[in-house]
Amino acid sequence: MVKKIDHIGIAVKNLAAAKEFYEKVLGLKVTEEEVVEDQKVKVAFIPTGDSEVELLESTTPDGPIARYIEKNGEGIQHVAFRVDNLEEKLAQLKSQGIRLIDEKPRRGAGGAKIAFLHPKATHGTLVELCERD
Ligand SMILES: C[C@@H](C(=O)O)C(=O)SCCNC(=O)CCNC(=O)[C@H](O)C(C)(C)COP(=O)(O)OP(=O)(O)OC[C@H]1O[C@@H](n2cnc3c(N)ncnc32)[C@H](O)[C@@H]1OP(=O)(O)O
Ligand SMILES: [Co+2]
């Protein structure tokens with residue numbers, strides 16, 4: 001079951017500069033920062049009520065965030081939905097013929113289990129599913 005929007009993933013060129021906008025201008029607070037090597041990103045999480053903003057800076061010129069910015073500029077790169085059982089959800093989507101980027105859960109920020117669905121299968125949005133303890 002999908003529970004809520006877990007986070008909105010925003011691709012930025014410079015994490016420090018973007019953090020400054022969210023903290024100093026919007027008055028929000030970054031609570032966690034982490035490098036996720038598997039995704040070639042450095043992330044900062046900003047809670048906003050029941051969901052979070054995830055700022056993403058690429059750690060390499062060839063990662064998904066670098067490629068996204070190259071094509072589109074900075075902006076919303078994905079929407080992440082919280083699910084209670086990721087493996088079960090992926091099996092269901094697979095049986096429905098939905099194009100998955102990740103057929104098995106990967107390790108995301110904060111130790112979450114994550115998997116991406118292809119934007120061509122979702123009416124144009126890169127969707128992340130995530131399960132947290
Ligand atoms: C840390 C973790 C966490 O939360 O814990 C994260 O979030 S990591 C977040 C970063 N990691 C990821 O994004 C991993 C999953 N992403 C990927 O595997 C890739 O970025 C893909 C989504 C498959 C795109 O790959 P690539 O750029 O090589 O493909 P491409 O440029 O040929 O794109 C294929 C088609 O999808 C579209 N497309 C590409 N990226 C898109 C996006 N972010 N949102 C919507 N559409 C997108 C392109 O415009 C193109 O459409 P047209 O053919 O019509 O032109
Ligand atoms: Co994410």
Side-chain angles (χ1 to χ4, degrees):
M1 202 185 78
V2 173
K3 293 175 159 173
K4 62 171 188 173
I5 290 180
D6 185 88
H7 64 267
I8 306 282
I10 300 180
V12 300
K13 291 181 186 164
N14 181 315
L15 197 62
K19 269 172 58 181
E20 202 163 301
F21 168 78
Y22 283 89
E23 295 200 309
K24 297 210 172 121
V25 180
L26 290 188
L28 295 166
K29 186 106 198 81
V30 171
T31 52
E32 275 172 48
E33 265 188 76
E34 177 182 347
V35 171
V36 181
E37 293 289 354
D38 189 37
Q39 298 287 348
K40 302 178 175 170
V41 292
K42 186 162 72 171
V43 304
F45 276 93
I46 303 170
T48 54
D50 210 26
S51 300
E52 300 191 49
V53 168
E54 177 187 46
L55 301 176
L56 304 123
E57 179 191 298
S58 189
T59 55
T60 63
D62 65 334
I65 295 303
R67 281 182 59 92
Y68 183 86
I69 290 176
E70 210 175 278
K71 283 194 173 174
N72 309 286
E74 295 180 301
I76 295 178
Q77 191 253 355
H78 68 269
V79 175
F81 294 99
R82 176 92 61 95
V83 297
D84 43 21
N85 187 329
L86 182 55
E87 262 145 16
E88 200 176 280
K89 196 74 194 158
L90 289 175
Q92 180 211 322
L93 294 173
K94 204 178 167 186
S95 76
Q96 291 174 310
I98 303 296
R99 184 168 167 195
L100 305 175
I101 293 173
D102 303 303
E103 297 214 346
K104 289 193 182 135
R106 303 169 79 114
R107 196 50 69 177
K113 285 187 191 174
I114 65 169
F116 287 90
L117 317 186
H118 200 279
K120 292 293 170 197
T122 66
H123 302 267
T125 299
L126 176 60
V127 169
E128 175 187 334
L129 299 178
C130 75
E131 178 186 333
R132 300 180 191 280
D133 295 331

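Numbers here are sequence positions counted from 1.
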Engineer: Got a sec, which residues hit side-chain contact (heavy atoms from CB on, under 4.5 Å) with Ala112, two or more places apart in sequence or on another chain?
Structural biologist: Ile114, Arg132
Engineer: What's the shortest heavy-atom distance between Pro61 and Ala66, and which atoms?
Structural biologist: O-CB, 3.4 Å
Engineer: Under 4.5 Å between side-chain heavy atoms, chaining through other members, with only Ile, Leu, Val, Met, Phe, Trp and Tyr counted: pull out the rest of the cluster around Met1, sorted by chain and number.
Structural biologist: none
Engineer: Using the rule given for side chain to side chain contact (heavy atoms under 4.5 Å, CB included), can you reason through Lys42 versus Glu34, listing the C-alpha separation, both sets of side-chain angles and the distance that settles it, and then say yes or no?
Structural biologist: CA-CA 6 Å; Lys42 186 162 72 171; Glu34 177 182 347; over 6 Å; no
Engineer: Say whether Leu100 and Val79 are linked into one hydrophobic cluster, either directly or through other cluster members, by side-chain heavy-atom distances under 4.5 angstrom.
Structural biologist: yes
Engineer: Clusters formed by hydrophobic residues whose side-chain heavy atoms approach within less than 4.5 Å: which one holds Val35, and what are its other members?
Structural biologist: none
Engineer: Taking all non-hydrogen atoms of both residues into account, name the closest pair between Pro47 and Glu52 and its distance.
Structural biologist: CA-CG, 3.7 Å
Engineer: According to ring-ring contact (aromatic ring centres under 6.0 Å, His included), does anything in residues 15-72 pair up with another residue at least two apart or in another chain? List the pairs.
Structural biologist: His7-Phe45
Engineer: Rounded to the nearest 0.5 Å, what separates atom CD1 in Ile98 from atom CG in Leu90?
Structural biologist: 11.5 Å
Engineer: Is the backbone of Ser51 close enough, under 3.5 Å, to the side chain of Thr48 for a donor and an acceptor to pair up by distance?
Structural biologist: yes
Engineer: Roughly how far apart are Lys3 NZ and Cys130 SG, rounded to 0.5 Å?
Structural biologist: 10.0 Å
Engineer: So if I apply the side chain to side chain contact (heavy atoms under 4.5 Å, CB included) rule between Ile65 and each of Thr59, Ile10, Val12, Leu56, which one comes out positive?
Structural biologist: Leu56
Engineer: Could you list the residues that satisfy salt bridge (charged side-chain N to carboxylate O under 4.0 Å, His left out) with Asp50, not counting sequence neighbours?
Structural biologist: Lys4
Engineer: Keeping to residues at least two apart or across chains, list the salt bridge (charged side-chain N to carboxylate O under 4.0 Å, His left out) pairs with something in residues 64-86.
Structural biologist: Asp6-Arg82
Engineer: For the atom pair CD1 (Ile76) and CD1 (Ile8), what is the distance rounded to the nearest 0.5 Å?
Structural biologist: 5.5 Å
Engineer: Checking Lys13 now: which residues fulfil salt bridge (charged side-chain N to carboxylate O under 4.0 Å, His left out) with it, not counting sequence neighbours?
Structural biologist: none
Engineer: Which pairs, with at least one residue in residues 97-133 and sequence neighbours excluded, count as a ring-ring contact (aromatic ring centres under 6.0 Å, His included)?
Structural biologist: His78-Phe116
Engineer: Tell me the closest heavy-atom pair linking Leu86 and Ala115, and the distance in Å.
Structural biologist: CD2-N, 4.0 Å
Engineer: Can you list every salt bridge (charged side-chain N to carboxylate O under 4.0 Å, His left out) pair that touches residues 90-119, not counting sequence neighbours?
Structural biologist: Asp38-Arg106, Lys94-Glu103, Asp102-Arg106
Engineer: Check whether Ile69 and Val36 end up in the same hydrophobic cluster, where Ile, Leu, Val, Met, Phe, Trp and Tyr are linked by side-chain heavy atoms less than 4.5 Å apart.
Structural biologist: yes
Engineer: Verify side chain to side chain contact (heavy atoms under 4.5 Å, CB included) between Leu28 and Val53, making sure each step is shown before the conclusion.
Structural biologist: CA-CA 10 Å; Leu28 295 166; Val53 168; 5.7 Å; no
Engineer: How long is the span from the CG atom in Asn85 to the CG atom in Leu129, to the nearest 0.5 Å?
Structural biologist: 11.5 Å
Engineer: May I ask whether Ile101 and Leu93 are part of the same hydrophobic cluster, defined by side-chain heavy atoms of I, L, V, M, F, W, Y residues being less than 4.5 angstrom apart, directly or through others?
Structural biologist: no
Engineer: If the condition is side-chain hydrogen bond (donor to acceptor under 3.5 Å, both in side chains), which residues does Thr60 pass it with, not counting sequence neighbours?
Structural biologist: Asp62
Engineer: I'd like to check the salt bridge (charged side-chain N to carboxylate O under 4.0 Å, His left out) partners of Glu37; sequence neighbours left out, ordered by chain and number.
Structural biologist: none
Engineer: With a 4.5 Å cut-off on side-chain heavy atoms, are Ile46 and Leu26 touching?
Structural biologist: no
Engineer: Sequence neighbours left out, what passes salt bridge (charged side-chain N to carboxylate O under 4.0 Å, His left out) with Glu88? Give chain and number order.
Structural biologist: none
Engineer: Quick one: closest heavy-atom pair of Ala109 and Val43, and the distance?
Structural biologist: CB-CG2, 4.0 Å
Engineer: Take Lys19 and Glu33 through the salt bridge (Lys or Arg N to Asp or Glu O under 4.0 Å) test and state the conclusion after the steps.
Structural biologist: CA-CA 11 Å; Lys19 269 172 58 181; Glu33 265 188 76; 2.6 Å; yes
